[in-house]
Asks: 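Let me begin by handing over the structure; questions about it come next.
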Amino acid sequence: MSEAFDYDLVIIGAGVGGHGAALHAVSSGLKTAIVEAADMGGTCVNRGCIPSKALLAASGRVRELRDAHHLKNLGIQLGNVGFDRQAIADHAANLVSKIQGDLTNSLKRLGVDIIHGWARLAGPQKVSIATAEGEKTVTAKDIILSPGSVPFVPPGIELDGKTVFTSDDAIKLDWLPNWVAVIGSGYIGLEFADVYTALGSEVTIVEALDQLMPGFDPDIAKLAQRILIAPRDIETRVGLLAKTVKPGSPVVIELADVKTKEIVEVLEVDACLVATGRIPATKDLGLETVGIELDRRGFIPVNDQMQVLIDGQPAPHLWSIGDATGKMMLAHAASAQGIVAVENMCDRPRQVDYRSIPAAAFTHPEVSFVGMTEPAAVELGKAEGFKVAVSRSYFKGNSKALAEGETDGVAKVIYREDTGEVLGAHIIGLHASDLIQEAANAIAQRRSVSDLAFLVHTHPTLSEVLDEAYKRAVTAH
Ligand SMILES: Cc1cc2nc3c(=O)[nH]c(=O)nc-3n(C[C@H](O)[C@H](O)[C@H](O)COP(=O)(O)OP(=O)(O)OC[C@H]3O[C@@H](n4cnc5c(N)ncnc54)[C@H](O)[C@@H]3O)c2cc1C
Ligand SMILES: NC(=O)c1ccc[n+]([C@@H]2O[C@H](COP(=O)([O-])OP(=O)(O)OC[C@H]3O[C@@H](n4cnc5c(N)ncnc54)[C@H](O)[C@@H]3O)[C@@H](O)[C@H]2O)c1
């Protein structure tokens, strides 16, 4: 370590991004401190991935065990299936404290100094921290800003945390409204609509854009509507903006036409989950002390090496990772960015390959993807002069899916027609979140369908759905 500094590395924010960076820094021999103002583990562990997946696991079982038709086809009969809302909520809360404890201990065990308090940059290579014991200043050769994000609540929407709330409160599952409006059909909207309908609530999804799940490949979004929305107690309002939401009993929601801005409908519901995206937590970080200007949407500008950009140029020894950079608001992306930042500060050049980072919505069944959507690939093909081809294979032709009686779903592989290079893969169906990893690894290595079609997959497994898509791509040409 350089004698001139207190630490080799100080990380601001102990979310999944900061944690991933800290572990990698220690394994690279760096003396490291991490500063956390609130809960160790940040959004993912306390209010995000972990509790939401616990709720989805429990509610998913309820859905499955109440599906008498499906069970009958497997030869199973069950009586009444009940559940205890509070016990499901406790399952999520207990998991949060276990994983928060494990994460904190992993840092302590490795000798990372954990400092509790609010950190601000205090000039180059200097951080001041407001702790319970007073202001503390530390110096570091390198600094990573990993402050994460918070829910975005559009103007006109009033929260009370009880009847109108964001995911921060929804994960507590304090009560089960009979009728809940979900504003936004992104990941959070979809996952909570899955939880609520499984536990017996009626849901109305309001989406401002002109299709549901606008972030997903259009084919997959269309199929998701057939599988995840149409057969359930879900109504949809698409192309309508939730202009005002007033808490109370009932919650009153004014829906406006996106184009004319006229109020076209008023909903009166028991509760409203606001799932309209997240914004970076970049206020009061002392960014001005080193001259960082946030981008138009408030994110910290970075390059693919995760260096902070000041006037378009990389600032020495200053890095940023995670949701605050606005690249991909996913836990594993934050952690991957942290590892890349540490590699670069140790003079081992590396950059983040966003095209190979997969994503999944943990609905029942799951939706996952990696790389480009078909429209994005076609756009790139036009710019770079290649044709795009698509291959699909269906869960209904897969022996394992048939054995499970879970045959809804498709895998879609998007590739370059000339070289066969896989550009994107999209899956909806049983265990899609696990299945996508194979395609992610293939994209990371820029592999071609003609090569992937020769890999041997275990029979009978769901992994054969992707295998079949690769084989169909090869026989199509
Ligand atoms: C409901 C929900 C479900 C999700 N599910 C998934 C999922 O299944 N899979 C997935 O990949 N992603 C999921 N995400 C997204 C994931 O949670 C985020 O991408 C991830 O948490 C980002 O990590 P981060 O380290 O950038 O920031 P965060 O986790 O937000 O952590 C930042 C930390 O920095 C601290 N901090 C901020 N400013 C300061 C300061 N000045 N001084 C000290 N500390 C500070 C904050 O208190 C916070 O603890 C979900 C998100 C939500 C809301
Ligand atoms: N499984 C996962 O990986 C997972 C799960 C949950 C959250 N997350 C992360 O958290 C982030 C936030 O999730 P999210 O679902 O809130 O955001 P999102 O950006 O995925 O979706 C928000 C949706 O709300 C719509 N919207 C915005 N304002 C509206 C209004 N006034 N009326 C109607 N519709 C409106 C938008 O058009 C958009 O479709 C995501 O970026 C995601 O990366 C990931």
Side-chain angles (χ1 to χ4, degrees), residues 11-21 34-53 55-56 115-121 127 129-130 145-157 166-168 170-171 181-192 205-216 237-245 253 255-256 258 273-286 320-326 328-335 337-338 357-363 366-368 433:
I11 301 166
I12 299 181
V16 171
H19 177 249
I34 194 161
V35 191
E36 175 52 58
D39 303 315
M40 292 298 289
T43 306
C44 177
V45 172
N46 298 285
R47 302 170 292 280
C49 332
I50 298 302
S52 64
K53 263 76 269 180
L55 296 182
L56 281 156
I115 305 171
H116 294 284
W118 184 266
R120 292 178 190 86
L121 290 177
V127 176
I129 307 154
L145 304 170
S146 182
S149 66
V150 292
F152 164 64
V153 180
I157 297 183
T166 65
S167 56
D168 285 356
I171 45 108
V182 174
I183 315 292
S185 67
Y187 291 86
I188 295 180
L190 278 181
E191 290 186 349
F192 274 97
I205 298 181
V206 180
E207 171 55 57
L209 297 182
D210 56 8
Q211 68 161 61
L212 287 176
M213 302 171 60
F216 291 76
R237 299 286 189 282
V238 176
L240 295 182
L241 195 73
K243 201 169 175 194
T244 66
V245 179
I253 304 175
L255 301 182
V258 172
L273 166 63
V274 182
T276 45
R278 295 180 64 84
I279 46 172
T282 42
K283 284 198 193 115
D284 197 18
L285 278 176
S320 184
I321 61 172
D323 282 9
T325 66
M328 260 184 162
M329 286 187 156
L330 297 171
H332 46 283
S335 177
Q337 289 175 323
I357 298 182
F362 295 80
T363 45
E366 296 168 340
V367 190
S368 63
S433 67

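Atom set for the values below is all heavy atoms of this structure, side chains included, hydrogens, waters and symmetry mates excluded. Order of listing sets the numbers, starting from 1, for every ligand and every atom in it. Predicted, not measured: the structure shown is a model, and the values here were computed from it.
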Asks: Please state which part of Phe362 comes within less than 4.0 Å of ligand 1, counting heavy atoms only: side chain, backbone, both or neither.
Replies: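 Just the side chain.
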Asks: Compare Lys283, Met40, His332, Glu36 and give the one whose heavy atom is closest to atom 47 (O) of ligand 1.
Replies: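 Heavy atom nearest to atom 47 (O) of ligand 1 belongs to Glu36.
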Asks: Which is closest to atom 50 (C) of ligand 1 in terms of heavy atoms, Cys49, Ser335, Ala333?
Replies: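 That would be Cys49.
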Asks: Under 4.0 Å from a heavy atom of Pro214: give me the atoms of ligand 2 that qualify, with their elements.
Replies: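 Contacts of ligand 2 toward Pro214, numbered from 1: 39 (O).
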Asks: Which option out of Phe216, Tyr187, Phe152 puts a heavy atom nearest to atom 5 (C) of ligand 2?
Replies: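 Residue with the shortest heavy-atom distance to the ligand atom: Tyr187.
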Asks: What I want to know is whether Ala208 and ligand 2 share at least one N or O pair that is separated by under 3.5 angstrom.
Replies: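 Yes; the residue has a nitrogen or oxygen that sits under 3.5 Å from a nitrogen or oxygen of the ligand.
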Asks: Check each atom of ligand 2 against the heavy atoms of Leu330 and keep those under 4.0 Å away; list them by number with element.
Replies: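 The atoms of ligand 2 under 4.0 Å from a heavy atom of Leu330 are 3 (O), 43 (O).
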Asks: Does an N or O anywhere in Glu207 fall below 3.5 Å from an N or O of ligand 2?
Replies: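 Right, the criterion is met.
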Asks: Below 4.0 Å from ligand 1: does a non-hydrogen atom of Gly117 turn up there or not?
Replies: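 The answer is yes, since Gly117 has a heavy atom less than 4.0 Å from ligand 1.
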Asks: What is the closest protein heavy atom to atom 9 (C) of ligand 2, and at what distance does it sit?
Replies: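 Of the protein heavy atoms, Met329 O, 3.4 Å lies nearest.
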Asks: Would Tyr187 and Phe192 count as a close aromatic pair, with their ring centres under 6.0 Å?
Replies: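 No, the ring centres sit 6.0 Å or more apart.
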Asks: Can you find an N or O of Ala242 that's nearer than 3.5 Å to an N or O of ligand 2?
Replies: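 Yes - when backbone and side-chain N and O of Ala242 are compared with those of ligand 2, one distance drops under 3.5 Å.
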Asks: Please confirm whether Ile188 comes within less than 3.5 Å of ligand 2 when only nitrogen or oxygen atoms on both sides are compared.
Replies: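 Among all N and O atoms of Ile188, at least one is under 3.5 Å from an N or O of ligand 2.
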Asks: Applying a heavy-atom cut-off of 4.0 Å, say which part of His19 lies close to ligand 1: side chain, backbone, both or neither.
Replies: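 No part of His19 comes within reach of ligand 1.
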Asks: Check ligand 1 against Ser52 and write out every atom of the ligand that is under 4.0 Å from a heavy-atom position of the residue.
Replies: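 Once the distances to Ser52 are compared, the set is 3 (C).
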Asks: Backbone or side chain, does any N or O of Gly277 fall under 3.5 Å from an N or O of ligand 2?
Replies: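 N/O-N/O distance under 3.5 Å: yes.
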Asks: Polar contacts were defined as any N/O atom of the residue lying under 3.5 Å from an N/O atom of the ligand; does this apply to Lys53 and ligand 1?
Replies: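 Yes; the residue has a nitrogen or oxygen that sits under 3.5 Å from a nitrogen or oxygen of the ligand.
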Asks: Would one find an N or O of Ile183, backbone or side chain, under 3.5 Å from an N or O of ligand 2?
Replies: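 There is no such contact.
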Asks: Is the CG atom of Asp210 crowded by more than 12 outside heavy atoms at less than 6.0 Å?
Replies: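 Count not over threshold, so no.
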Asks: Out of Thr43, Asn46, Ile12, Ile11, whose heavy atom is nearest to atom 40 (C) of ligand 1?
Replies: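 It is Ile12 whose heavy atom sits nearest to atom 40 (C) of ligand 1.
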Asks: Quick check on contacts: which atoms of ligand 1 are under 4.0 angstrom from a heavy atom of Gly15?
Replies: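 Going through ligand 1 atom by atom, the ones under 4.0 Å from Gly15 are 25 (O), 29 (O), 31 (O), 33 (C).
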Asks: Do Ala119 and ligand 1 have an N or O pair less than 3.5 Å apart?
Replies: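 Ala119 vs ligand 1: N/O contact under 3.5 Å present.
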Asks: Using a 4.0 Å cutoff against the non-hydrogen atoms of Gly184, which atoms of ligand 2 qualify?
Replies: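 So the answer, numbered in order with elements, is 23 (C), 24 (O), 25 (C).
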